[in-house]
Amino acid sequence: MGQARDDYVLDLTASRRGYALNRMCLSLKDAANRERFSADEAAYCDSYGLSPEQKKAVLERDWTGMLDLGASIFYTYKLAMMDQKSMQYLGGVFTGITAEEFAAALRSGGRKFG
Amino acid sequence: MAEVSWGLATSHVPSIGAAMDQGKTGDEYWKPLFDGYAPAREWMAEHTPDVAIVVYNDHANAVDLDLVPTFGIGTAESYQVADEGWGRRPVPVVRGAPELSEHLVCELVDEGFDLATFHRLDVDHGLTVPLSVYCPEPGEAWPCRVIPLLVNVIQYPQPTAARCYALGQALGRAIRSFPGAEKVAVFGTGGMSHQLAGARAGLINSEFDRMYLQAIETEPAKLAALSREDYIRLAGTEGIELIMWLVMRGALSDNIRRVHETYHVPASNTAAGLALFEELGA
């Protein structure tokens with residue numbers, strides 16, 4: 001797993017790079033697609049034309065890797081929801097702490113800059 | 001002529017809607033937030049508009065990355081509640097106001113705002129959570145008709161804050177030129193400190209948020225002068241949603257009264273703010 005950058009801004013370069021990945025994640029809003037994905041994740045990724053790197057990141061749930069490959073958090077969150085993973089869990093992954101530590105930091109007024 | 005009667009700025013965090021849907025508003029975690037809403041809700045319940053124009057952004061539910069309109073507006077008779085991947089929220093279908101939508105499209109295009117028009121639009125939490133903030137128990141139907149007004153805040157470059165403020169000013173003029181007796185409320189939604197991804201995830205800049213809550217009433221031009229990079233730096237990559245508050249503020253005049261405000265951290269991974277303004281007459 002890589003280290004997260006400070007900011008992931010979905011500019012047009014990122015949007016182009018992440019197109020297949022984001023499109024695949026978007027499809028998971030439909031229950032039938034969630035079933036197809038769960039039945040064979042690799043084949044489902046292939047059917048959406050993910051690059052080998054994107055497919056690997058999805059199969060390994062490398063959330064930071066997905067961001068580096070053009071993913072938007074609003075799209076990958078649909079994949080996280082399938083895994084019953086909360087936004088606090090993802091926040092922990094991006095910042096190198098547990099979901100509980102992340103939630104506690106928010107309850108204490110949030111994480112600060114730097 | 002139609003009139004703008006009030007403006008509401010409110011965050012649209014999905015878990016705020018989930019807390020209401022799951023009966024958790026009295027829990028220790030959520031009670032302070034919902035207690036903060038109470039005075040605004042009481043006032044709004046006594047000042048029911050005929051139409052609410054809800055300025056919001058879709059979150060990968062009705063709009064995908066194939067086509068990203070900078071600004072869009074719903075023109076339909078009704079809008080279904082979106083299934084965002086975990087089932088539709090148990091809230092009423094949203095009834096539209098197509099005659100007013102058409103008027104707004106014509107007026108705003110004439111003013112140079114080239115809006116995309118949505119005849120079919122499933123509305124996600126960005127729109128339904130603010131409606132629930134306004135009216136927590138709608139029963140069979142929401143208490144007013146609704147026009148969704150969409151702003152791209154997800155894909156860079158987002159419209160500038162200044163452009164959003166100018167859109168709001170044009171929107172206010174367009175509402176006031178509609179030949180009807182409708183009372184119209186304008187919602188500016190989303191926003192406050194808000195970063196979901198990356199190493200800065202979970203950042204909260206309460207100082208900036210509180211400045212914004214104050215300045216949205218008295219110094220909107222100052223907020224409109226901030227660059228998108230300023231918003232991302234100061235409020236987080238998703239904190240740029242605050243530019244949608246400026247559309248609401250632009251639709252109001254300078255003759256307004258602050259009815260209520262509240263600010264709370266956290267709502268899920270973000271800060272949540274609310275500010276309610278009564279229009280005293282343009």
Side-chain angles (χ1 to χ4, degrees), chain A residues 3-16 18-19 22-23 25-31 33-34 63-64 66-67 70-82 84 86-88 90-97 101-114, chain B residues 13-15 18 28-29 32 57-66 68 82-88 122 124 126 152-158 192-209 228-229 232-234 236-238 240 264-271:
Chain A
Q3 192 171 358
R5 302 197 305 264
D6 282 357
D7 284 307
Y8 288 86
V9 173
L10 189 75
D11 60 12
L12 290 166
T13 301
S15 193
R16 194 164 61 244
Y19 180 75
N22 287 322
R23 191 165 162 269
C25 288
L26 177 71
S27 75
L28 300 176
K29 71 188 171 80
D30 295 322
N33 290 334
R34 292 198 290 272
W63 303 103
T64 299
M66 288 182 233
L67 294 176
S72 158
I73 188 70
F74 292 111
Y75 288 76
T76 54
Y77 186 54
K78 294 187 193 298
L79 176 61
M81 287 295 292
M82 280 195 66
Q84 315 267 310
S86 66
M87 199 60 97
Q88 284 81 16
L90 293 179
V93 169
F94 299 138
T95 57
I97 55 178
E101 288 167 340
F102 186 86
L106 264 295
R107 280 198 301 275
S108 304
R111 296 181 69 247
K112 303 304 173 195
F113 295 94
Chain B
V13 183
S15 57
E28 182 187 355
Y29 183 89
N57 66 290
D58 177 83
H59 303 76
N61 292 299
V63 179
D64 62 28
L65 296 172
D66 284 349
V68 182
D83 180 346
E84 305 187 34
W86 50 89
R88 298 179 195 277
D122 285 3
D124 73 9
N152 164 45
V153 289
I154 290 180
Q155 181 174 276
Y156 185 100
Q158 297 86 351
M192 295 275 109
S193 290
H194 198 178
Q195 172 127 356
L196 300 177
R200 291 202 308 159
L203 83 81
I204 300 291
N205 185 353
S206 295
E207 190 180 346
F208 180 76
D209 289 341
R228 67 174 70 79
E229 287 74 18
I232 290 171
R233 179 170 52 82
L234 293 166
T237 51
E238 284 75 40
I240 197 171
H264 180 72
V265 177
S268 186
N269 294 27
T270 78

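In what follows, chains carry the letters A, B, and so on, assigned in the order in which the sequence lines appear, proteins first and then strands, with residues in each chain numbered from 1.
- Among all heavy-atom pairs drawn from A/Lys29 and B/Glu84, the shortest one is CB-C, 4.2 Å.
- Other residues, nucleotides and ligands contribute at most 12 non-hydrogen atoms within 6.0 Å of the CZ atom of A/Arg23.
- Taking CG of A/Leu10 as the start and CG of B/Asn152 as the end, the distance is 9.0 Å to the nearest 0.5 Å.
- Only the side chain of A/Leu26 comes within contact range of chain B, with at least one heavy atom under 4.5 Å from a heavy atom of that chain.
- Closest heavy-atom contact between B/Arg200 and A/Arg111: C-NH1, 3.7 Å.
- Interatomic distance, CG of B/Asp64 versus CG of A/Asn22, reported as 10.0 Å (0.5 Å rounding).
- Shown here for A/Leu67 and B/Ala197, the closest heavy-atom pair between the two residues is CD1-CB, 3.8 Å.
- Considering every non-hydrogen atom in both A/Tyr75 and B/Ala60, the closest pair reads CZ-CB, 3.4 Å.
- Both the backbone and the side chain of A/Asp11 come within less than 4.5 Å of a heavy atom in chain B.
- For B/Thr270, the part lying under 4.5 angstrom from a heavy atom of chain A is the backbone only.
- Considering CD of A/Gln84 and CH2 of B/Trp86, their distance stands at 12.0 Å, rounded to 0.5 Å.
- Contacts of A/Arg107 with chain B are made by both backbone and side-chain atoms, with heavy-atom separations under 4.5 Å.
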Going through the checks in order, is the side chain to side chain contact (heavy atoms under 4.5 Å, CB included) test met by A/Asp7 and B/Gln195?
-> CA-CA 9 Å; A/Asp7 284 307; B/Gln195 172 127 356; 3.0 Å; yes
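- If you measure heavy-atom distances from A/Tyr8 to chain B, the contacts under 4.5 Å come from both the backbone and the side chain.
- For the pairing with A/Ile73, the side chain to side chain contact (heavy atoms under 4.5 Å, CB included) check across B/Leu196, B/Thr237, B/Ile154 returns one residue only, B/Leu196.
- Separation of atoms CZ (A/Phe74) and CG (B/Asp124) is listed at 9.5 Å; rounding is to 0.5 Å.
- The shortest heavy-atom contact between B/Gln155 and A/Ser15 is OE1-OG, 3.0 Å.
- B/Asn269 contributes a side-chain N or O that, together with a main-chain N or O of A/Met87, makes up a donor-acceptor pair within less than 3.5 Å.
- In terms of heavy-atom pairs under 4.5 angstrom with chain A, the leader among B/Ile240, B/Asn205, B/Val68 is B/Asn205.
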